[in-house]
Number of protein chains: 2
Amino acid sequence: MGKVRSDITVSADGYAAGPNQSRDHPLGEGGEQLHNWAFALEYFRSTHGFGDGGEVNASTAVVVESKANVGAEIMGRNKFGGGPGPWRADEPWNGWWGEDPPFHCPVFVLTNHARQPLTLSDTTFTFVTEGIDAALAQTRAAAGDKDVFIGGGADVIQQYLAAGLLDELELHITPVVLGGGERLLDNVGPIRLEQIRAVEAPGVTHVKYRVLH
Amino acid sequence: MGKVRSDITVSADGYAAGPNQSRDHPLGEGGEQLHNWAFALEYFRSTHGFGDGGEVNASTAVVVESKANVGAEIMGRNKFGGGPGPWRADEPWNGWWGEDPPFHCPVFVLTNHARQPLTLSDTTFTFVTEGIDAALAQTRAAAGDKDVFIGGGADVIQQYLAAGLLDELELHITPVVLGGGERLLDNVGPIRLEQIRAVEAPGVTHVKYRVLH
């Protein structure tokens, strides 16, 4: 059975998104700058349809490692997007990623509102309304021997961490103090970690932890 | 003129001390484990009177660099210790560090209660009641061309950071989620940083930032 792991970009003060998130500003005010390190990468640009160009630097191996051996992903309704509440039949929201999403594996979306599965290219989104344990069981089954990736947002990672269901967590720590927003490591209580490794890269430090249960 | 800089150990969730700090638990509940990385160092043990032994590892160069070129230090009343309120004449509190404090430079203590200077070995503690600007002016004068080190606690670093008076900040990020306590980077508002460097070491990641004004 694979690991359950996650990684996420945070500010130096621990926010995964800035204040006042909205459909127009899904990362909150000032939140976009958290991801400058990733936007600069050739790997990110090519895998997310941003076109040619970009750098290869010390972050490249980190993001390649993150994507390797992922069998299936869990994400929250906010990450999938489309605003809160029931799914709209008249104007269906099919995610932020266009016709060829960058996941290339089964994705399970935590939501309070039932919806039929959605297939775009080689990614099928399954909508799970029975909570985090049921979603993990379905995702593990889909992942087979490979890892389950908890894709966020922060609140979903928080829930799996607080429930003792996360094996590894990597933080991409970026050089900005946001001063407000959605903090990743709130409401999870005391947790012992083991530092697996840290990587210095341009405009970011990657620190990978094992969660000790 | 030297730089104004600081470094401090924080948990993965950004706390510089655990909850419920007291005279018996100056680092709060669970706060001692933040400093395991430092306690393990031969350099720390020899400079803090902990006796022989200890390791030389990737953290050693970081702490040696931190102490180099420091001309004078500012610390808060809580770091100096002795509890809140007026200084007691009957039972004078002379700090946590014994007869030979590890500072070896002038130290300026921010306090609301006047007190005559205290000299222990080659460290003189001067008690400043006029606030952070006055303390910085006195400390700069004492430091000459060398750096001013803001020695903490977290609230003092916070005040200098929020006032735009800090040039560099290094975080020693340790693998524990405390879940509560005194958070370093609260109440400082949005601040742009530049990552100077990051160092992976046993049980800690050292990330040094320039504060952009």
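Here is how names work: the chains are called A, B, and so on, in the same order as the sequence lines, proteins then strands, and each is numbered from 1. In this text, all values refer to a predicted model and were calculated from it rather than measured experimentally. What you see below is based on every heavy atom in this structure, not just the backbone, and it leaves out hydrogens, waters and symmetry mates.
Within residues 175-182 of chain A, the residues having any heavy atom less than 4.5 Å from a heavy atom of chain B are, in residue-number order, A:Pro175, A:Val176, A:Val177, A:Leu178, A:Gly179. Listed in order of number, the residues of residues 8-20 of chain B that approach chain A to under 4.5 Å between heavy atoms are B:Ala12, B:Asp13, B:Tyr15. Residues of residues 193-213 of chain A placed with any heavy atom under 4.5 Å of a heavy atom in chain B are listed by number as A:Leu193, A:Glu194, A:Gln195, A:Ile196, A:Arg197, A:Ala198, A:Glu200, A:Ala201, A:Gly203, A:Val204, A:Thr205, A:Val207, A:Tyr209.
Note that CZ of A:Phe125 is 9.5 Å distant from CZ of A:Arg115, once rounded to the nearest 0.5 Å. We find the CD1-CE distance between A:Ile157 and A:Met75 to be 11.0 Å, quoted to the nearest 0.5 Å. For the atom pair CD of B:Gln158 and CG of B:Asp186, the computed distance is 6.5 Å after rounding to the nearest 0.5 Å. Separating the CG atom in A:Asn112 from the OG1 atom in A:Thr129 is a distance of 8.0 Å, to the nearest 0.5 Å. Interatomic distance, OG1 of B:Thr60 versus OH of B:Tyr43, reported as 9.5 Å (0.5 Å rounding).
Cation-pi check for B:Lys67 over B:Phe149 is met; the charged atom lies under 6.0 angstrom from the ring centroid and within 45 degrees of its normal. Remark: A:Arg77 qualifies as a cation-pi partner of A:Trp87 under the 6.0 Å distance and 45° angle criteria applied to the six-membered ring.
Among residue pairs with one or both ends in residues 130-151 of chain A, those qualifying as salt bridge (charged side-chain N to carboxylate O under 4.0 Å, His left out) are A:Arg5-A:Asp147; sequence neighbours excluded.
In this pair, B:Phe50 and B:Phe39 present their aromatic rings parallel. The plane angle is below 30°, not in the 30 to 60° band. The aromatic rings of B:Trp97 and B:Phe80 are tilted relative to each other, their planes meeting at an angle between 30° and 60°.
The environment of NE2 in A:His48 is crowded: more than 12 heavy-atom neighbours from other residues, nucleotides or ligands sit within 6.0 Å. Around atom NE2 of B:His35, more than 12 heavy atoms belonging to other residues, nucleotides or ligands sit under 6.0 Å away.
Judged by distance alone, with hydrogens and angles left aside, the side-chain atoms of A:Thr139 form a donor-acceptor pair with the main-chain N or O of A:Ala135 at under 3.5 Å.
Residue contact with chain A, scored on non-hydrogen atoms closer than 4.5 Å, is absent for B:Leu169.
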